Structures are given as structure tokens and as C-alpha cells.
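See structure below.
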2 protein chains.
Amino acid sequence: MATQKSIADKLGLSISLVSRVLSGKAKEIGVAQETIQKVLDEAQRTNYTPNSAALSLRGVKTHTLGVISYDFEDPYFGIILGELHKIAKQRKFTLILAGSYHREEETLDLSAFAKHSIEGLIIVGSDRNKDWYEKFPQKSIPSVQIGFTTEKIGANICIDETVSASLIARYLQKQKTNNAALFFNHSLSHETFKKEYIEALKEHEITVLEDVICDGSLNSVKSGVKRLKSLPDVIIAGDDIMATKIIRSLHELNIKVPDDVKVFGFDNIAHSRNFIPSLTTLNPPIKEMIQAAFDLVSSPKASQETMRFTPELISRESA
Amino acid sequence: MATQKSIADKLGLSISLVSRVLSGKAKEIGVAQETIQKVLDEAQRTNYTPNSAALSLRGVKTHTLGVISYDFEDPYFGIILGELHKIAKQRKFTLILAGSYHREEETLDLSAFAKHSIEGLIIVGSDRNKDWYEKFPQKSIPSVQIGFTTEKIGANICIDETVSASLIARYLQKQKTNNAALFFNHSLSHETFKKEYIEALKEHEITVLEDVICDGSLNSVKSGVKRLKSLPDVIIAGDDIMATKIIRSLHELNIKVPDDVKVFGFDNIAHSRNFIPSLTTLNPPIKEMIQAAFDLVSSPKASQETMRFTPELISRESA
DNA sequence: CTGTTAGCGCGTTCAT
DNA sequence: ATGAACGCGCTAACAG
């Protein structure tokens with residue numbers, strides 16, 4: 001591997017001179033044009049790449065962000081990571097990954113972040129506690145969470161649950177919906193929205209007949225559907241995946257959507273357009289949210305800001 | 001941040017002593033048990049984490065793997081990354097992310113890998129060329145690609161296309177299928193499978209009526225379906241997403257699956273069980289594949305091995 | 001305009 | 001059983 005020393009030796013110059021040229025500070029300091037060119041040429045020829053270890057040891061900015069994911073199987077995870085990566089690339093940032101599996105009660109491994117010194121932290125997903133943050137050695141770096149939390153540690157990007165709820169309630173009211181059943185799971189995100197939904201529905205004179213809580217597996221959804229005392233006008237699901245499972249369950253019980261009952265989703269996952277029936281749902285402005293998240297976390301000063309984004313109602317076949 | 005120096009100062013010991021203890025070489029060299037304990041305690045108390053920059057500068061193993069993704073929106077990307085992360089965590093490896101967008105002809109940014117010195121490379125997805133590899137500075141590190149490629153550079157993990165094809169062909173033959181239409185896109189993965197499918201179908205006396213190539217958008221799939229000269233017994237899709245789009249298109253044209261035409265998928269994405277009709281498809285042994293990939297890339301000696309995995313046929317409603 | 005020096009955190013001689 | 005000194009590759013302060 002080519003180093004500044006190898007270039008300096010070859011050219012009979014000093015290392016620091018080479019350093020100046022290679023770090024672009026040649027002009028500023030005043031280096032002979034001819035020397036600059038020689039160094040540049042030799043660097044080019046030998047395929048010189050700065051050694052990051054040395055740089056970060058010297059305290060030079062590493063432009064490295066840590067990403068924590070709470071759920072790799074979230075259908076949006078890939079999209080979010082893709083967007084993050086896109087912006088990171090534009091701005092010459094590197095992404096390092098950590099994650100945890102809530103369900104298995106695993107603890108978050110932060111050694112990855114300590115190992116490479118990260119300059120910002122992006123948390124993807126909602127959570128209820130940040131026990132791992134206790135031991136986090138770099139508490140001063142800017143951080144942002146994309147999702148809901150009960151333990152805010154930095155900036156926060158989420159969807160406006162109040163606006164979302166009234167969007168849905170108004171839509172359903174216009175369709176002369178009188179009553180609804182709710183299918184949500186135990187996640188903080190579901191619970192946050194559900195609370196607002198219940199209120200907004202009441203305000204719009206829609207009765208919540210039942211409030212089903214299930215873990216989201218097809219089986220638990222189906223048994224939830226089976227146990228419904230009566231068929232409501234609409235079933236509101238915590239997310240699109242839940243919605244498809246509800247529709248699938250109804251289908252297996254020979255109940256038609258939307259003729260017998262409407263189903264409302266949330267997320268507008270790629271799949272929702274192709275599903276039969278296609279899903280009426282709320283579309284979060286993902287790109288804008290990720291963009292904002294990146295801006296918050298890559299800025300020099302740590303922010304505590306909370307930004308709420310408004311989703312768009314996508315009216316399709318299911319409701 | 002706690003460093004060896006900070007611990008040494010606090011305890012009134014020398015840095016090198018602390019270093020020996022912390023790098024586990026205390027016993028070997030002969031350090032007083034009492035001293036060892038003091039250092040360990042102080043390290044614990046101050047939350048000491050070794051600085052990777054310093055380590056890699058000294059040439060110590062960083063246990064860092066680079067991950068290249070060709071498509072963040074692939075429904076399997078999250079699953080794969082989740083599995084990779086799980087194993088990485090167990091074995092104390094760190095994952096660094098790079099990626100590219102084939103469709104936008106973007107080039108791969110490898111500076112992320114140069115910055116943190118990676119010890120292995122995992123490529124997720126199929127590709128046709130590795131132009132970026134020309135400029136890759138660390139060609140000697142072990143690498144593995146999960147997917148097909150025409151330009152193999154290290155180990156390779158993929159699905160056995162021949163076995164897959166005969167699995168499908170036999171299944172269809174048993175169902176008295178006489179003819180088929182193929183819906184595939186331009187990706188190397190699709191093309192690889194398609195070639196084998198055509199051969200296997202011929203061997204099992206199933207006529208390929210049409211071979212539709214589309215980009216995978218719902219529109220292009222639908223117009224492909226519309227242009228079908230006659231309805232085949234079965235439509236074989238390159239992947240499950242394509243299959244759902246085909247079924248959706250057929251649905252919009254009032255053609256029933258599987259009554260009027262069967263549809264066969266590939267991938268067994270999470271969604272395929274919930275789709276209406278549920279998808280008959282091939283299920284790749286993802287966990288085993290990822291496990292194998294990780295073993296290959298994290299082993300000290302770079303391997304050129306190619307491992308082919310056999311999928312399992314999941315018979316559901318669509319075919 | 002260019003060279004010398006120091007030091008970032010760590011493991012490793014070589015001394016003691 | 002412990003410490004001092006060196007160097008990995010690099011930049012910045014200081015000195016010509």
C-alpha cells in the first residue's frame with residue numbers, strides 16, 4: 001500500500017510536504033506548483049489511499065455514522081437503509097451497523113461503534129427503553145431516532161399520529177362508516193397511533209366496537225377475526241402487513257373485502273398496491289423523513305428537535 | 001474516553017502493563033494477580049473500549065466486514081442483513097455498508113471500506129460486472145458473493161438453478177400441465193434461472209408458449225399479460241413479487257388464479273403466504289446460505305469455493 | 001517554500 | 001514483575 005512516506009521517499013521530499021499536498025492544503029500554505037504536480041502524479045501512479053486508521057487516530061473527522069436497527073424484517077428497513085445510504089454516499093459518510101432483536105431480549109452490542117469512532121447515531125424504529133444507552137461511551141455525539149420512543153435521547157423523526165388519525169376518521173366518516181374494529185399489536189408505534197385513532201373516531205361519531213390486540217402472526221390475526229362478535233363496517237389495522245393478514249383471514253372465512261367489511265392499513269408498503277384488494281392506507285413521506293434525519297444527525301451541533309411528518313391518505317380498494 | 005493511558009495514570013502503573021492485561025497477555029508474560037485485577041476493575045469502571053484506529057494502525061485484526069448491497073429494496077435484503085448481523089454479533093464482527101444502484105448506473109463507493117480497514121467482503125445480490133473491483137485496494141481479503149455473477153472474485157453462494165428448474169418442472173408435470181408462459185426480467189438471476197427452466201420444461205414435455213421479458217413494474221407486467229396470445233396452463237414468474245403482479249394484472253382482467261391459469265413464483269417472501277391466492281413458490285434456505293457465506297468470508301484463508309443450495313418447493317394455492 | 005518534530009492509542013521489543 | 005521507548009500513517013506546530 002502506498003503511503004505518504006513511500007511517496008516522499010521516492011520523490012526525495014519530506015513527508016509533511018506530501019501530506020500538505022495530499023490534504024489539499026498546498027496552495028493555502030504555499031507549495032511550489034511543480035512540487036505539487038510531482039506529488040499528485042506519484043500518488044496517482046501508486047494508487048495512494050489515505051489510511052483512515054491513522055486519520056481517525058489523529059482526530060480527523062471520520063464521517064462515520066452508526067445505525068441501530070430494532071427490526072431488520074420491517075418491510076421498510078431496506079428502504080430506509082437504502083435512502084440513508086444514498087444520502088451518506090452523496091455526503092461521503094460511512095454507515096456502520098448495529099442492531100438488536102427485541103423479541104429475543106438481546107442486548108445491543110455497541111462495541112462496533114466504539115471500535116470505529118462514529119460521529120452520529122441513527123436509530124431506526126420505535127422503542128420503549130434505551131437501557132443500552134447507559135453504557136454508551138459517546139453520549140455527546142448527535143443522534144436521531146426515526147420512530148417513537150418513551151426515552152428520547154436526541155432528535156426525533158416521526159409521523160404525526162394526531163393528523164394521521166383525523167385523516168382516517170374524516171375519510172371513514174365521509175364514507176358513512178358507523179363503527180370500527182381495531183387490530184393492533186403491542187409495539188409502541190401501534191399503541192401510539194391506536195390511542196389517537198380511538199379519540200379521532202369518537203370525535204367523528206364512529207363507534208369502536210372492538211379493540212383486538214394480537215402479535216401479528218397470521219394465526220393470531222385469524223383467531224382475532226374469528227372471535228369478532230359482529231362484523232364492523234371497517235377494520236383498522238396497525239400496519240399494512242397486519243391489514244393483509246386480516247384480509248387473508250377474512251378471505252379464508254369467506255368474508256369479502258370491501259363488500260362485507262372494509263380494511264384500512266398503514267405504511268403503504270410496496271406490496272399494498274398489488275394486493276387483492278389493493279390496500280387503502282396512509283403513505284408516510286419516507287424520503288423527506290430520512291433526509292431530515294440525516295440532516296439532524298450529521299450537523300455539527302447535536303439537536304433535540306422533534307419533527308413530525310404528515311402522511312398522505314392513499315385511497316384504493318380495501319376501504 | 002478511557003484509554004490505556006488514563007487507566008495507567010490513575011493506577012500509577014505503566015501503559016505497557018495495562019496493555020498486557022487488557023490484551024489478555026498478562027498471564028502469559030507474568031503479571032501480579034493483584035495488578036491484573038486492579039487494571040481490570042478500573043477498565044470496567046471507566047468503560048474502557050480499545051480504540052480501533054490505533055489497533056488497525058498497528059495491524060491488529062479489526063474484525064470488520066464490508067457489505068455491498070446491489071439492491072436495498074430487495075425484499076430479502078433486510079432478512080439477509082439481519083442474519084448477517086446476528087452471526088456477526090455472535091462472532092464479534094462489525095458490519096460496514098456500501099452499496100450501489102445498478103439502475104442509475106452509479107458507481108460503487110469503496111472509500112468506506114478503505115477508511116475502516118475491512119477484513120472481508122460480502123456482496124449481496126447478483127451482478128454482471130465488477131468494474132469497481134479494478135480500483136479495490138484490498139484485493140487480497142476474503143470475499144463472498146451471495147447471488148449469481150459472471151465475474152467471480154472470491155467464494156460464491158447461490159441457489160442451484162438446475163435443481164430448482166427440475167423441481168418446478170416435475171411438479172407441473174404431475175399436475176398435467178401442458179404449456180407455460182415465462183415472465184422474467186433482465187437481471188442475471190432471472191436469466192440464469194430462465195435458461196434452466198426452459199430446458200427442464202422441455203424435458204418434462206411442457207411447451208413454453210411465450211417468453212415475456214418485462215422490467216417488473218406493474219404496468220409492464222400488465223401489458224405483458226394483455227399481450228399474451230393465449231392463456232397458458234401456467235405462468236412462471238422470476239420471483240414472488242413478479243408473481244403477485246401477474247396475479248394482480250390477471251385479476252384486473254378478470255382472469256382467475258389458479259382456476260383459469262396457474263402462477264408459480266420464486267423466493268417465498270414473507271408475503272406469499274398471505275397473498276390471495278397464496279403463492280406456490282420455491283423457498284431458498286436463507287439461513288443456511290448466510291451462515292455459509294459468513295463462514296467463508298470470515299475464515300483466515302480466502303476461498304474460491306462455490307456452494308449451491310437447494311430450495312424447497314412450497315405448494316400453496318396459486319399453482 | 002520546505003523540513004523537523006511531536007503525538008494521537010496501542011502492542012511489542014528491550015531493558016531493568 | 002514492571003517500565004521506557006519505538007513505530008504504525010498521518011497532520012499540525014514550529015523552525016528554518
Side-chain angles (χ1 to χ4, degrees), chain A residues 1-40 42-43 46-64 111 113-119 137-138, chain B residues 1-40 42-43 46-64 111 114-117 119 137-138:
Chain A
M1 286 287 279
T3 69
Q4 297 192 347
K5 182 172 192 314
S6 72
I7 297 178
D9 286 352
K10 171 92 182 212
L11 264 37
L13 298 168
S14 75
I15 302 180
S16 52
L17 194 42
V18 175
S19 170
R20 284 167 197 145
V21 174
L22 259 22
S23 56
K25 277 160 196 156
K27 271 280 164 56
E28 194 179 318
I29 296 182
V31 177
Q33 185 56 46
E34 189 194 3
T35 314
I36 296 183
Q37 207 42 248
K38 273 202 299 188
V39 172
L40 253 28
E42 179 65 10
T46 56
N47 230 320
Y48 168 80
T49 347
N51 179 320
S52 85
L55 286 176
S56 75
L57 194 55
R58 292 253 330 111
V60 176
K61 292 252 172 283
T62 57
H63 271 215
T64 302
S111 60
F113 293 162
K115 216 154 73 175
H116 310 264
S117 44
I118 62 169
E119 289 166 3
Q138 302 144 280
Chain B
M1 285 287 281
T3 70
Q4 297 191 345
K5 184 173 190 315
S6 73
I7 298 178
D9 286 351
K10 170 92 184 214
L11 263 36
L13 297 169
S14 75
I15 303 180
S16 48
L17 193 41
V18 175
S19 170
R20 283 167 196 145
V21 174
L22 260 21
S23 57
K25 277 159 198 157
K27 272 279 163 55
E28 195 178 316
I29 295 183
V31 177
Q33 186 57 44
E34 190 194 2
T35 315
I36 295 183
Q37 206 43 248
K38 273 202 300 188
V39 172
L40 254 28
E42 178 65 11
T46 57
N47 233 320
Y48 168 80
T49 348
N51 178 321
S52 85
L55 286 176
S56 78
L57 195 54
R58 279 202 44 77
V60 176
K61 293 250 173 284
T62 58
H63 270 213
T64 302
S111 60
K115 216 153 73 173
H116 310 264
S117 42
E119 289 166 5
Q138 302 145 279

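Note on naming: letters A, B, ... go to the chains in the order of the sequence lines (proteins, then strands), and numbering restarts at 1 for each one. No experiment lies behind these values; they were computed from the predicted model shown. Quick note: numbers below take in every heavy atom, side chains included, and nothing from hydrogens, waters or symmetry partners.
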For this session: Establish, with yes or no, whether the OP1 or OP2 oxygen of D/dT11 is under 4.0 angstrom from a side-chain nitrogen or oxygen of A/Ser19.
Result: yes
For this session: Give one of base, sugar-phosphate or nothing for B/Gly12, where a contact means two heavy atoms less than 4.0 Å apart.
Result: sugar-phosphate
Problem set entry | Nearest-angstrom distance from the residue atom NZ of A/Lys5 to C1' of C/dG3 | 15 Å
Exercise. Is B/Leu13 touching bases, backbone alone, or none of the nucleic acid, heavy atoms closer than 4.0 Å?
Worked result: sugar-phosphate
For this session: Describe the nucleic acid contact of A/Gln4 in one word from base, sugar-phosphate, nothing, applying a heavy-atom distance below 4.0 Å.
Result: base
Exercise. Could you state the CD1-P distance from B/Ile15 to C/dG7, rounded to the nearest angstrom?
Worked result: 12 Å
For this session: Please state how far atom CG in A/Leu11 lies from atom P in C/dC1, giving the value in whole angstrom units.
Result: 18 Å
For this session: Supply the atom-to-atom distance B/Asn51 CG to B/Ser56 OG, rounded to the nearest 0.5 angstrom.
Result: 8.5 Å
Exercise. Around atom NZ of B/Lys38, are there more than 12 heavy atoms of other residues, nucleotides or ligands at under 6.0 Å?
Worked result: yes
Exercise. Rounded to whole angstrom units, what separation is found between the CD atom of B/Gln33 and the C1' atom of D/dT2?
Worked result: 16 Å
Seminar exercise, completed: A/Ala32 has its side chain closest, among C/dC10, D/dC10, C/dC1, to C/dC1
Problem set entry | Atom-to-atom span, CG of A/Asn51 to C1' of D/dC8 - whole angstrom | 8 Å
Seminar exercise, completed: On a heavy-atom basis, the closest approach of B/Ala54 and A/Leu57 is CB-CD1, 3.8 Å
For this session: Only one of B/Glu42, B/Gln4, B/Lys10, B/Lys5 passes side-chain contact (heavy atoms from CB on, under 4.5 Å) with B/Val18; say which it is.
Result: B/Gln4
Exercise. Is there a side-chain polar atom (N or O) of B/Thr35 under 4.0 Å from OP1 or OP2 of D/dT2?
Worked result: yes
Exercise. Is the phosphate of D/dA12, meaning OP1 or OP2, less than 4.0 Å from a side-chain N or O of A/Lys25?
Worked result: yes
Problem set entry | Residue whose closest nucleotide on DNA chain D lies nearer the 5' end, B/Leu57 versus B/Ser16 | B/Ser16
Problem set entry | d(CZ, A/Arg58; P, D/dC8) in whole Å | 16 Å
Problem set entry | Atom-pair distance (CZ on B/Arg20; P on D/dG3), nearest Å | 9 Å
Exercise. Of all the choices, C/dT2, D/dT2, D/dT11, which nucleotide is nearest to the side chain of B/Ser14 once you look at every atom?
Worked result: D/dT2
Exercise. In whole angstroms, how far is the P atom of D/dG9 from the CG atom of A/Leu17?
Worked result: 19 Å
Problem set entry | Donor-acceptor pair, side chain of B/Thr35 and main chain of B/Val31, under 3.5 angstrom | no
Exercise. Which of the following nucleotides, D/dC10, C/dC10, C/dG3, is nearest to the side chain of B/Leu55?
Worked result: C/dC10
